[in-house]
Protein chains: 2
Amino acid sequence: MNIGEAAARSGLPAKTIRYYEDIGLVRPARDGNGYRAFVEKDIHKLAFLARARSLGFTVEECRVLLALYEDDDRASADVKSIATEHLDRIDRKISELEGMRATLSHLVERCHGDGKPDCPILADLAGEEVTS
Amino acid sequence: MNIGEAAARSGLPAKTIRYYEDIGLVRPARDGNGYRAFVEKDIHKLAFLARARSLGFTVEECRVLLALYEDDDRASADVKSIATEHLDRIDRKISELEGMRATLSHLVERCHGDGKPDCPILADLAGEEVTS
DNA sequence: GCTTGACCCTCCAGTCACTGGAAGCCCTAA
DNA sequence: TTAGGGCTTCCAGTGACTGGAGGGTCAAGC
């Protein structure tokens with residue numbers, strides 16, 4: 001199976017698959033003509049990676065998760081600890097974004113958005129106190 | 001005023017200030033010895049940038065916001081439209097993260113996290129259906 | 001006058017996870 | 001035989017810094 005079909009079946013762009021090979025996440029065989037030759041197991045790995053990435057794991061975490069997946073003697077505690085850490089990271093990011101949203105939406109509400117220069121958004125950025 | 005004090009007063013690392021000069025966001029004067037010489041207005045600009053960045057605006061948006069701030073004939077509508085777009089971006093990002101969090105926390109709850117290999121998190125990543 | 005240490009300078013490389021593009025080979029169908 | 005599409009490698013760029021090397025400058029203390 002060539003890279004085009006592997007891309008279609010795994011949901012990853014061909015470029016990304018090549019990149020994953022570069023960094024050693026997958027090692028597809030090669031045909032006589034130099035083309036990558038993917039087998040079912042490769043597709044399975046790629047789909048695993050696609051799913052893990054879509055859940056926000058870093059590629060290094062994906063590397064570890066994949067290794068655990070392929071290790072029949074793994075401890076689920078190792079998987080859970082990676083996922084829990086990532087969950088914390090997500091929570092922190094959400095809090096940060098919600099803080100931004102609170103401030104910004106407050107300012108946007110107060111901005112007339114007309115042709116005049118008066119603007120509470122700029123006033124806030126400039127460090128001026130915006131009352132109410 | 002040297003870059004060290006400018007950093008302390010604006011809340012930005014010296015490295016970041018040099019970078020902002022590189023990309024043309026600020027243009028501090030120079031002393032005879034080649035040291036950057038910051039004046040109050042520079043500090044004000046840097047603080048503006050620090051605040052805008054902390055609210056998640058990209059540096060290119062910061063560039064535009066700063067230009068609007070310095071333009072007495074600006075229309076607040078221009079500022080508001082940038083802020084509104086950014087707000088939408090934040091909302092999309094939060095939704096994305098909340099989707100990840102929902103899936104992940106569901107999986108983490110179901111993982112025993114013990115010494116055995118059985119793991120619903122890996123099962124999900126591998127595309128197996130995880131019931132309940 | 002000299003040393004020490006804290007500051008400042010520039011330039012280059014690395015981060016993360018791709019993505020775009022150039023230059024060129026391979027395969028199939030008309 | 002030609003045209004096209006797909007495949008290959010390699011290099012460069014993204015955003016917003018950050019770290020580090022190698023070297024100049026300044027003020028204080030001896």
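Below, chain A is the first sequence line, B the second, and so on; all start at residue 1. Nothing here was measured: the structure is a model prediction, and the numbers come from that model.
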Quiz item: In whole angstroms, how far is the P atom of C/dA17 from the CG atom of A/L49?
Solution: 12 Å
Quiz item: Is there a donor N/O on one and an acceptor N/O on the other, under 3.5 Å, for the side chain of B/Y19 and the base of D/dG15?
Solution: no
Exercise. Please state whether the phosphate of D/dT9, meaning OP1 or OP2, lies under 4.0 angstrom from any side-chain nitrogen or oxygen of A/R30.
Key: yes
Practice problem: Figure out the CZ/C1' separation between A/R36 and C/dC25, and round it to whole Å. | Solution: 14 Å
Practice problem: Check whether any side-chain nitrogen or oxygen of A/N33 sits under 4.0 Å from OP1 or OP2 of C/dC27, and answer yes or no. | Solution: yes
Self-check item: Minimum-distance nucleotide to B/K15 side chain [options: C/dA17, D/dG20, D/dC17]
Solution: D/dG20
Practice problem: Give a yes or no on this: more than 12 heavy atoms of other residues, nucleotides or ligands lie within 6.0 Å of atom CG of A/D118. | Solution: no
Practice problem: Just compare C/dC18, D/dC10, C/dC11 and give me whichever is closest to any side-chain atom of A/T16. | Solution: C/dC18
Quiz item: Under 4.0 angstrom, heavy atoms only, what part of the nucleic acid is B/F57 near: base, sugar-phosphate, or nothing?
Solution: nothing
Practice problem: Could you tell me the separation between the CG atom of B/D31 and the P atom of C/dC8, rounded to a whole number of Å? | Solution: 11 Å
Self-check item: Separation of D/dA16 P from B/I17 CD1 (nearest whole Å)
Solution: 17 Å
Quiz item: Contact class for A/R18 (heavy atom, under 4.0 Å): base, sugar-phosphate, or nothing?
Solution: base
Practice problem: Would you confirm whether B/E109, through its side chain, and B/H106, through its main-chain N or O, come within 3.5 Å as a donor-acceptor pair? | Solution: no
Exercise. Nearest whole angstrom, please: distance from the C1' of D/dT8 to the CG of A/N2.
Key: 11 Å
Practice problem: Select from A/Y20 and A/Y35 the residue whose nearest nucleotide in DNA chain C is closer to the 5' end of that strand. | Solution: A/Y20
Practice problem: Flag the pair B/D42 / B/R9 as yes when at least one side-chain heavy-atom distance between them is below 4.5 Å, and no otherwise. | Solution: no
Quiz prompt | Pair B/R18 + B/E21, salt bridge at N-O below 4.0 Å | solution = no
Self-check item: Nearest-angstrom distance from the residue atom CG of B/L46 to C1' of D/dC17
Solution: 15 Å
